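Step one of this worksheet: look at the structure below.
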Amino acid sequence: MREVRIRDTMSGDLLTLDSEREVGIYACGPTVYSRIHIGNARPFVIFTLLARFLRSEGYQAKLAINVTDVNDKIYTAAVERGITSTELAGEMTAAYFEDTGRLGLGRPDSEPLATETIGPIVDLIATLVEEGHAYESGGDVYFSVRSFDGYGKLSHRPTEDMEQGEGDDAGSLKRDPLDFALWKAKKEGEDSSWDSPWGPGRPGWHIECSAMAEAELGQPFTIHGGGSDLVFPHHENEIAQSEAARGRQLARIWMHNGMIETGAEKMSKSVGNIFQLSEALDVYGPETVVAYLISGHYRQPLAFGEGPLEQAAAGNERLRNFLRENPPAGGNESGSGQEAAAGEEVRAAGSRFRDALADDFNTPRAMREAFDLVRAVNQRPEDPALAGAGTELAGMLELVGLGSLAAGGDDGPDAAALKLLEARNTARADKDWARADEIRDQLAGLGWEVRDGADGARLVPRS
RNA sequence: GGCGCCUUGGCGGAGUGGCUACGCAGCGGCCUGCAAAGCCGUUUACACCGGUUCGACUCCGGUAGGCGCCUCCA
């Protein structure tokens with residue numbers, strides 16, 4: 001078990017995970033008012049893979065990624081669509097599951113919905129009211145920011161500087177412009193609501209995550225994550241609510257991923273530069289999308305565009321080519337058993353790969369090890385120190401969600417293709433190059449690329 | 001204005017006080033009937049100006065440019 005360290009947003013330090021206990025990870029998922037874009041996919045991929053890596057190291061990881069399915073934006077979007085907010089949220093939640101499912105990374109351990117956590121939400125708000133951290137006003141309930149000393153400790157903002165923020169309509173119901181809503185009374189035109197001690201209404205934006213995180217992972221838990229755009233106010237408010245209510249820490253480590261940018265701008269609906277995850281998957285496929293998302297360190301911004309995606313695809317192709325020539329031993333059949341023991345260089349590469357992930361989940365540095373191993377084996381295929389590279393590489397890639405690159409081509413060549421290949425071999429033996437090239441073109445038309453090697457020609461699916 | 005952060009070669013993107021990141025693309029070569037795959041080589045990389053240091057892309061200060069957030073109902 002490696003010592004795993006994660007950069008904590010609050011302290012700025014690298015903090016070490018406690019190997020003695022369950023590592024609870026809560027990542028803020030999407031608000032389902034539209035299909036998610038590629039930027040929304042980043043935290044899903046990062047936290048899913050982090051949990052996977054931790055398990056492989058022997059940690060007891062539990063990952064929860066919520067769905068916020070009640071929110072102002074959902075009401076607005078539903079009206080535009082002419083359907084109920086419940087219908088819209090249901091539809092978009094299903095789309096979210098489908099889109100992220102296509103990434104091929106499995107599901108988080110739990111994926112709570114806000115609308116299914118109303119009980120705990122109401123209880124949490126009630127506790128805050130009882131403790132004097134919140135107050136009812138005209139059917140709304142607000143959190144009293146000044147009642148919580150630690151406010152601002154995550155985003156490092158002094159509360160004095162926030163007082164400017166007035167000018168919102170609900171301000172009249174607040175005692176202090178800094179306060180934020182925990183519960184909102186049902187308004188005209190809203191088509192869903194829940195009963196509460198303060199009358200019918202719905203949760204505010206931040207409280208649902210406090211309630212769901214506690215319900216799923218207890219409090220405190222280890223890692224709370226999400227996009228860096230959630231640091232303030234969302235996560236700051238979560239801390240205020242949860243810690244004021246329970247009198248103990250919400251999460252030990254705050255882990256935030258950087259934004260995906262197009263032309264140096266954050267991808268967001270208001271800017272009109274969104275690229276939906278489903279579109280990216282349609283065009284490039286899951287392996288390319290995953291490879292792209294891990295191509296930069298999770299905390300840094302990541303440039304989006306055709307170039308980066310195509311580069312990710314090309315890199316994958318190099319790995320796939322290697323794995324075709326050096327198939328992993330594992331599996332069942334054939335197995336050729338020649339890869340029993342991994343050579344020392346191979347083991348070292350695998351170790352460095354995992355070290356990189358353990359060091360603040362540095363996926364690009366990890367991939368360097370994968371590519372270095374590939375080159376070394378291509379240089380010195382017979383070196384015993386490099387034995388078992390295919391198996392080791394497949395294991396590495398599995399950790400970062402690219403295990404499918406090792407899956408041998410779906411189906412082998414069919415009879416027709418094999419017959420053509422044979423014909424080409426004959427033509428080549430006769431040095432009838434024109435005929436051989438003609439057949440090669442025919443094979444290309446069938447989706448096969450011919451690669452002549454020392455041990456004969458081979459067919460590889462065209463990419 | 002406030003808080004946080006960024007600026008690396010054609011592109012993406014790591015990293016370190018002195019040693020090739022890596023990937024993609026380009027160019028040259030090897031291999032090959034040709035091609036593909038692969039291998040080798042290659043194009044003055046670290047925004048700018050000072051400072052610290054034997055030595056800075058890496059530390060400190062400043063300048064320029066850029067990004068995120070600044071309380072939901074943009």
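Order of the sequence lines sets the chain letters (A, B, ...), proteins ahead of strands, with each chain counted from 1. Predicted model only: the values in this text are computed from it and were never measured.
- Pairing for G10(B) is with C24(B), a Watson-Crick or G-U wobble pair whose two hydrogen-bonding atom distances lie under 3.5 Å.
- Across the protein-nucleic acid pair, Phe180(A) atom CZ and C73(B) atom P stand 16 Å apart, rounded to whole Å.
- When the C1' atom is used for both C24(B) and A14(B), the distance is 15 Å, rounded to whole Å.
- Both Asp372(A) and Trp205(A) lie near RNA chain B, and the one whose nearest nucleotide falls closer to the 5' end is Asp372(A).
- Tested against Glu243(A) for a side-chain hydrogen bond (donor to acceptor under 3.5 Å, both in side chains), the candidates Lys153(A), Gln249(A), His133(A) yield a single pass: Lys153(A).
- Atoms CG (Asn321(A)) and P (A36(B)) sit 13 Å apart, rounded to a whole Å.
- Rounded to a whole Å, the CD atom of Glu261(A) is 11 Å from the P atom of G12(B).
- Among the heavy atoms of the strands, none lies under 4.0 Å from Glu236(A).
- Residue-level contact check: Gly296(A) touches the backbone only, with heavy atoms under 4.0 Å from sugar-phosphate atoms and none from bases.
- For the P atom pair drawn from C67(B) and U8(B), the interatomic distance equals 14 Å after rounding to whole Å.
- Contact annotation for Leu302(A): backbone-only contact, meaning every heavy-atom pair under 4.0 Å involves sugar-phosphate atoms and none involves a base.
- In this structure, G55(B) forms no base pair with any nucleotide, since neither Watson-Crick nor G-U wobble geometry is met with both distances under 3.5 Å.
- Using a 4.5 Å heavy-atom threshold, the side chains of Leu103(A) and Leu277(A) count as touching.
- With a 3.5 Å ceiling on both atom-pair distances, the Watson-Crick or G-U wobble partner of C5(B) is G66(B).
- Of the C1' atoms belonging to G61(B) and U53(B), the separation is 16 Å, rounded to the nearest Å.
- Looking at Ile121(A) and Trp194(A), their side chains never come closer than 4.5 Å, going by heavy atoms from C-beta outward.
- Distance Arg42(A) CZ to G68(B) C1': 13 Å, rounded to the nearest Å.
- Nucleic acid contact for His206(A): none, since no nucleic acid atom lies under 4.0 Å from a heavy atom of the residue.
- For G23(B) and U63(B), the P atoms lie 39 Å apart once the distance is rounded to whole Å.
- With G23(B), A36(B), C67(B) as the candidates, the nucleotide lying closest to the side chain of Arg375(A) is G23(B).
- In this entry the distance linking CD of Glu188(A) with C1' of C73(B) reads 16 Å, nearest Å.
- In this structure, CZ of Phe232(A) is placed 16 Å from P of G2(B), rounded to the nearest angstrom.
- Separation of the P atoms belonging to G15(B) and A21(B) is 14 Å when rounded to the nearest angstrom.
- Residue Asn378(A) has no polar side-chain atom (N or O) positioned under 4.0 Å from OP1 or OP2 of A37(B).
- Between U52(B) and G2(B), the two C1' atoms lie 31 Å apart (nearest whole Å).
- Closest to the side chain of Leu178(A), from the set C22(B), C67(B), U71(B), is U71(B).
- Across the C1' atoms, G38(B) and U32(B) are found 11 Å apart, a figure rounded to whole Å.
- Using a distance-only test at 3.5 Å, with no hydrogens or angles considered, no donor-acceptor pair links the side chain of Arg42(A) to the main chain of Ile38(A).
- The separation between Leu230(A) atom CG and C5(B) atom P is 18 Å, rounded to whole Å.
- Nucleotide C34(B): unpaired (no Watson-Crick or G-U wobble partner with both distances less than 3.5 Å).
- Of the possible polar contacts, one joining the Ser137(A) side chain to the Leu173(A) backbone as a donor-acceptor pair under 3.5 Å is found.
- Taking atom P on both G50(B) and C69(B), the two are 36 Å apart, rounded to the nearest angstrom.
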(message) Using a 4.0 Å heavy-atom cut-off to protein, can you give one letter per nucleotide of nucleotides 24-35 of chain B, 5' to 3': B if the base is in contact, S if only the sugar-phosphate is, - if neither?
(response) S--------BBB
(message) Quick one, Phe275(A) with His37(A), criterion ring-ring contact (aromatic ring centres under 6.0 Å, His included). Give me CA distance, side-chain angles, the key distance, then yes/no.
(response) CA-CA 5 Å; Phe275(A) 201 85; His37(A) 58 64; over 10 Å; no
